[in-house]
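Please read all numbers here as calculations on a predicted model, not as lab measurements. Quick note on labels: first sequence line is chain A, next is B, and so on, each numbered from 1.
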Amino acid sequence: MMTAFEKQYLEARKELIESDFLALNPMQRQAVLATEGALLILAGAGSGKTTVLINRIANLLRYGRAGDCEEIPEDADEAQLALLRQGGEEAKRLAAWDRVEPWRILAITFTNKAAGEIKARLESMLGETAEDIWACTFHSACVRILRRDAERLGYTDSFTIYDSSDSLSLLKHILKDMDLDEKTYAPRSILSEMGRAKDEGLSAPQYLEAAAKISDLRRRRIGEIYAEYSRRCFTANAMDFDDLIYNTVRLLEENADVLDHWQRRFRYVLIDEYQDTNRLQYRLSSLLAGGWGNICVVGDDDQSIYKFRGATIENILSFESQYKNCRVIRLEQNYRSTSHILDAANAVIANNVRRKGKELWTSKGGGELLTHYFADDERDEAQYVASAIMAGYGRGANWRDHAVLYRMNAQSNQFEYAFKRSGIPYRIIGGTRFFDRAEVKDILAYLSLISTPADDLRLTRVINSPPRGIGARTVEIVGELAAQQNLPMFEILRRAESFPELQRAAMKLRLFANLILELRDFAAAHTPDELLDELLDKTGYVRLLEEKNTTEDTARAENVREIKTSILTYMKESGDVTLEGYLANVALYTDMDNYDADADAVVLMTMHSAKGLEFPTVFIVGLEETIFPGTRAIGEPEEMEEERRLCYVAITRAKEKLYLTSAHQRMLFGRTTANRVSRFVFEIPEEHIEKNIPRHYGFESGAREPVAAFAAAKKEAPVPRAPAYPAPSAPKPAAAVSFAVGDKVRHKAFGTGEILKMTPMGGDFLVEIRFGEIVKKLMLRAAAQHMQKG
DNA sequence: CGCACCACAATTTTT
DNA sequence: TTGTGGTGCG
């Protein structure tokens with residue numbers, strides 16, 4: 001039974017702690033203080049969930065579990081109580097109870113970007129102590145755990161990581177060696193089948209056993225492929241993305257002492273984007289949090305959009321039954337969007353059945369109505385978007401305040417054309433990543449090979465690149481010999497002379513093996529950046545590209561040099577100088593990490609990539625049946641709900657203005673088709689949106705013959721707010737007045753230069769300015785902000 | 001062995 | 001329409 005004094009003491013202490021988090025709303029504050037046990041935070045889009053995460057960690061470090069327990073110091077007395085009530089630094093020190101060391105906190109996110117953001121915000125809030133907090137992705141957490149005990153699984157601690165394209169090419173090699181047809185055994189689907197197996201915790205033998213029971217030939221074949229794939233990964237000391245998690249779970253489940261070590265260590269486990277976890281990640285989180293039982297998961301079932309990757313909404317829906325005493329906190333106040341946007345999002349998602357139920361609200365006003373534009377075709381659609389963006393820019397917005405979101409990457413083309421035509425600077429997120437480019441992969445393959453010569457996949461990749469006269473047939477023979485002798489291919493190369501089959505090529509093969517061995521010696525005594533220089537020199541890789549002297553090859557040479565920057569950055573930021581460390585970092589690196597929110601350019605990306613981001617103005621394009629929702633979702637209720645969640649994610653990216661567009665007909669993959677306007681458009685209540693859809697056309701009526709009605713309605717189309725389609729002769733932007741060809745200018749970033757040429761473009765000017773040796777092409781309006789005459 | 005040409009297929013993808 | 005992978009020729 002609690003005494004009156006204890007009660008007062010606890011109350012005063014809680015109030016004092018709360019006073020540190022007054023900037024938060026009551027729900028957020030609750031989530032910050034509820035440190036003990038299991039906690040599910042249902043955080044709607046834009047509800048300040050990262051802020052909660054950060055403050056929760058800050059609370060743990062400052063006050064330990066004082067805000068969530070009923071224990072008080074034995075020597076507590078009236079004087080202390082008075083001090084608590086009075087507040088101040090000393091009182092705060094007194095309030096702390098069982099403070100948490102930073103290295104006992106594990107915060108897992110899905111992207112490096114999110115992890116980086118958490119780290120950065122923690123550091124600015126808490127200073128150096130923040131560095132010891134594990135704020136990382138599932139994958140990088142696993143790498144760290146595995147590096148410590150990989151030998152338990154038969155790997156060495158310098159294991160390498162295969163990224164998705166490595167996995168794919170390894171798989172293709174296997175299919176070839178097993179004489180299997182890529183049509184019946186589509187590599188992509190095999191890969192996801194193996195991923196599913198690992199997600200269910202099935203090893204290759206287990207999978208095979210299950211397949212044998214139902215005597216399904218195809219599954220048995222896949223089982224054999226899976227076994228071979230695993231075998232080759234293992235001999236190459238390599239793990240793919242799924243293996244990282246699968247093996248970590250194995251490690252922890254099969255080694256009680258290892259499990260115990262990590263369970264003791266992590267007193268508080270936080271998992272972000274919980275709706276996107278798969279079963280394996282669920283198991284991993286349960287394992288890691290199993291010691292102290294303090295697990296906090298943050299998620300939004302309505303934003304689960306990665307089912308196709310094995311994410312299961314089940315994890316979040318059943319969290320409450322898994323942890324019986326768990327607390328649930330809903331964050332429904334949205335700080336991002338206006339109420340028209342929010343109401344539209346709420347209305348759309350309300351059509352889903354399988355959800356926790358949650359309604360976002362805002363204290364912001366209605367703002368502008370949503371706009372739906374029904375374009376003639378994809379070209380018109382892009383032009384409309386371009387015009388609207390220029391209009392926004394004309395009103396003083398930045399280019400970067402605009403984002404164009406589409407369902408699939410193939411849709412980006414028309415927008416590129418339109419933006420180029422109008423002189424709108426843009427960036428495309430997605431597509432080929434820097435680290436996916438052939439030349440970059442080559443260099444990285446060399447580096448991996450130096451680290452692990454037994455890596456047949458990487459060896460095959462670079463053995464003849466740059467060309468050294470080792471042909472495909474030779475490589476094949478080496479592969480066969482290696483299989484016979486049960487040795488890595490590299491060992492065959494070293495003894496090339498002793499195989500009569502290899503006589504002709506023996507010399508070249510030995511030379512290659514020696515090259516790798518020399519570089520390996522070099523690596524032992526040098527840093528990765530020095531190794532890179534040596535590598536480029538010894539292989540002549542860059543020299544060869546430079547000699548070719550085409551624009552593409554120059555760009556390639558540039559990319560190769562760019563790797564050096566990436567190495568140096570890594571060494572500087574992590575303080576790590578090991579080659580393995582760098583390679584792991586690169587393997588887990590993605591395009592989004594490169595996304596620089598400061599560069600002033602319109603952003604184009606898929607709706608998937610947009611998750612977690614926000615923009616003042618958003619365009620969701622291609623809102624047509626069979627595109628969004630896509631063909632595969634139509635008639636499949638589960639899939640349709642996922643599409644709808646994607647739509648919800650896309651809508652909630654917008655802060656102030658949301659445009660939706662559909663095209664009457666569109667050419668995609670060289671085919672022209674006419675699709676009906678997406679059902680999602682009709683799920684938005686009329687009072688939130690203005691449209692130019694002809695009355696007798698649309699999803700509900702399904703009426704044909706839209707053409708005449710369409711033409712008539714088009715006149716009343718909501719035009720992007722003025723100036724609509726600015727002609728090249730449109731009034732010159734103010735900035736243009738003060739600059740002319742021949743002017744000398746001083747630019748903040750590029751220094752002094754001279755204007756060579758000015759071309760009117762989209763209500764602005766494309767200016768060419770010579771800075772010393774370099775001629776830059778810039779949009780005047782943007783450039784003018786960073787330069788002056790002189 | 002290297003390159004050029006043709007058939008073919010093509011959601012989404014935090015790692 | 002675009003990119004990729006396989007085949008055939010020099």
Between CG of A/Asn112 and P of B/dT14 the distance, given in whole Å, is 10 Å
(message) Over all strands shown, is A/Asp242 touching base, sugar-phosphate only, or nothing at heavy-atom distances under 4.0 angstrom?
(response) nothing
OP1 or OP2 of B/dT12 under 4.0 Å from side-chain N/O of A/Ser609:
no
Hits for side chain to side chain donor-acceptor pair (under 3.5 Å) against A/Tyr648, two or more places apart or cross-chain, chain-then-number order -> none
A/Phe615 meets the ring pair (Phe, Tyr, Trp, His ring centres under 6.0 Å) criterion, sequence neighbours left out, with none
Sorted by number, residues from residues 501-509 of chain A placing a heavy atom under 4.0 Å from DNA chain B are none
Sorted by chain and residue number, the side chain to side chain donor-acceptor pair (under 3.5 Å) partners of A/Asn278 (sequence neighbours excluded) come out as none
The reported gap from CG in A/Leu583 to OG in A/Ser448 (rounded to nearest 0.5 angstrom) is 4.5 Å
Salt bridge (charged side-chain N to carboxylate O under 4.0 Å, His left out) filter on A/Asp301, not counting sequence neighbours, yields none
A/Met667 meets the side-chain contact (heavy atoms from CB on, under 4.5 Å) criterion, sequence neighbours left out, with A/Glu378, A/Thr672
Detail all sub-3.5 Å separations between protein N/O atoms and N/O atoms belonging to nucleotides 5-10 of chain C.
| unit_1 | atom_1 | unit_2 | atom_2 | d |
| --- | --- | --- | --- | --- |
| C/dG5 | OP1 | A/Lys172 | NZ | 3.1 |

Residues at least two apart in sequence or cross-chain that pass salt bridge (charged side-chain N to carboxylate O under 4.0 Å, His left out) with A/Arg283, listed by chain then number, are A/Glu253
message: Is A/Thr474 close enough to B/dC1 that one of its side-chain N or O atoms is under 4.0 Å from OP1 or OP2 there?
response: yes
Residues passing the side chain to side chain donor-acceptor pair (under 3.5 Å) test with A/Thr626, sequence neighbours excluded, are A/Asn675
CD (A/Glu182) with more than 12 external heavy atoms under 6.0 Å
yes
Hits for salt bridge (charged side-chain N to carboxylate O under 4.0 Å, His left out) against A/Arg188, two or more places apart or cross-chain, chain-then-number order -> none
Distances for protein N/O vs nucleotides 4-10 of chain B N/O pairs under 3.5 angstrom?
none

Salt bridge (charged side-chain N to carboxylate O under 4.0 Å, His left out) filter on A/Asp177, not counting sequence neighbours, yields A/Arg232
> Looking for any heavy atom pair under 4.0 Å, which part of the strands does A/Glu643 touch: base, sugar-phosphate only, or nothing?
Replying inline: base
